[in-house]
Amino acid sequence: MMVVAGIVLAIIWFWHASMSAREQANRAAREACDRLRLVMLDGTVAIVRLWLRRDQDGRLRLERTYGFDYTDDGHRRLRGFVVTLGARVTSVGLAAARPVG
């Protein structure tokens, strides 16, 4: 019975931590797009990769990479990413803009 309760608590913790990290990633993607006058398409990020990594204090955390699409001209669909370590955003990246013409 204790094992089942432990598994259920672990699942609840993972779900809650994932929702928190995803919300941080969504916020970071929206802010990056707003700052550069880009339009974030689909309105949300999607998980691309989940990995274990140590933070600067040496603690093991879940590193999540989220992808999102955006446009700079209303026609091209470009890809960006947000990386979180735990619930903290560690980086945001955007595709290199292709020259027009």
Side-chain angles (χ1 to χ4, degrees):
M1 187 66 169
M2 292 296 284
V3 172
V4 172
I7 291 171
V8 169
L9 286 175
I11 290 170
I12 291 170
W13 169 84
F14 178 77
W15 178 81
H16 184 269
S18 294
M19 292 298 104
S20 178
R22 184 170 179 252
E23 181 54 39
Q24 293 299 321
N26 268 320
R27 185 174 298 117
R30 281 192 303 270
E31 288 173 1
C33 287
D34 289 347
R35 186 173 50 255
L36 297 171
R37 295 191 174 127
L38 304 170
V39 177
M40 185 175 169
L41 302 172
D42 306 325
T44 191
V45 297
I47 189 78
V48 174
R49 181 175 174 227
L50 180 67
W51 198 254
L52 288 172
R53 182 166 314 274
R54 294 200 182 274
D55 64 12
Q56 58 222 49
D57 298 328
R59 293 185 309 208
L60 208 52
R61 301 272 186 200
L62 286 174
E63 180 182 77
R64 296 170 176 91
T65 301
Y66 297 90
F68 65 95
D69 292 332
Y70 67 93
T71 185
D72 58 354
D73 66 0
H75 299 285
R76 290 187 295 211
R77 191 173 192 100
L78 301 168
R79 193 85 173 138
F81 68 89
V82 177
V83 178
T84 65
L85 188 58
R88 188 175 61 85
V89 173
T90 59
S91 62
V92 178
L94 301 171
R98 296 185 295 261
V100 178

Problem set entry | Verdict with supporting geometry, V3 and M1, side chain to side chain contact (heavy atoms under 4.5 Å, CB included) | CA-CA 5 Å; V3 172; M1 187 66 169; over 6 Å; no

Exercise. Are a donor atom and an acceptor atom from the side chains of T84 and R22 found within less than 3.5 Å of each other?
Worked result: no

Exercise. If you take all heavy atoms of M40 and C33, which pair is closest and at what distance?
Worked result: CB-SG, 3.9 Å

Problem set entry | Worked check of salt bridge (Lys or Arg N to Asp or Glu O under 4.0 Å) between E23 and R30 | CA-CA 11 Å; E23 181 54 39; R30 281 192 303 270; 3.5 Å; yes

Exercise. CZ of R35 to CD of E31: how many Å apart, nearest 0.5 Å?
Worked result: 7.0 Å

Seminar exercise, completed: CG (L94) and CG (L78) are apart, to the nearest 0.5 Å, by 8.5 Å

Problem set entry | Nearest-0.5 Å distance that lies between atom CZ in F81 and atom CZ in F68 | 8.5 Å

For this session: Would you please name every residue forming a side-chain hydrogen bond (donor to acceptor under 3.5 Å, both in side chains) with D42, sequence neighbours left out?
Result: R77

Seminar exercise, completed: Interatomic distance, CG@D69 vs CG@L38, rounded to 0.5 Å, equals 12.5 Å

Exercise. Considering residues at least two apart in sequence or located in another chain, which fulfil the side-chain contact (heavy atoms from CB on, under 4.5 Å) criterion with S20?
Worked result: A87

Problem set entry | Those residues that, when tested against A28, pass side-chain contact (heavy atoms from CB on, under 4.5 Å) (two or more places apart) | V82, V89, V92

Seminar exercise, completed: Residue set satisfying side-chain contact (heavy atoms from CB on, under 4.5 Å) with V8, at least two apart, ordered chain then number -> V4, I12

For this session: Identify, with sequence neighbours excluded, every residue that meets side-chain contact (heavy atoms from CB on, under 4.5 Å) alongside R61.
Result: D55, R59, L85

For this session: Mind listing the closest non-hydrogen atom pair of N26 and V45 along with its distance?
Result: OD1-N, 2.9 Å

For this session: Linking directly or through intermediates, with side-chain heavy atoms under 4.5 Å: list the remaining ILVMFWY members grouped with F14, chain and number order.
Result: W13, L50, L52, L60, L62

Exercise. Where do S18 and R64 come nearest, in terms of heavy atoms and distance?
Worked result: OG-NH2, 3.3 Å

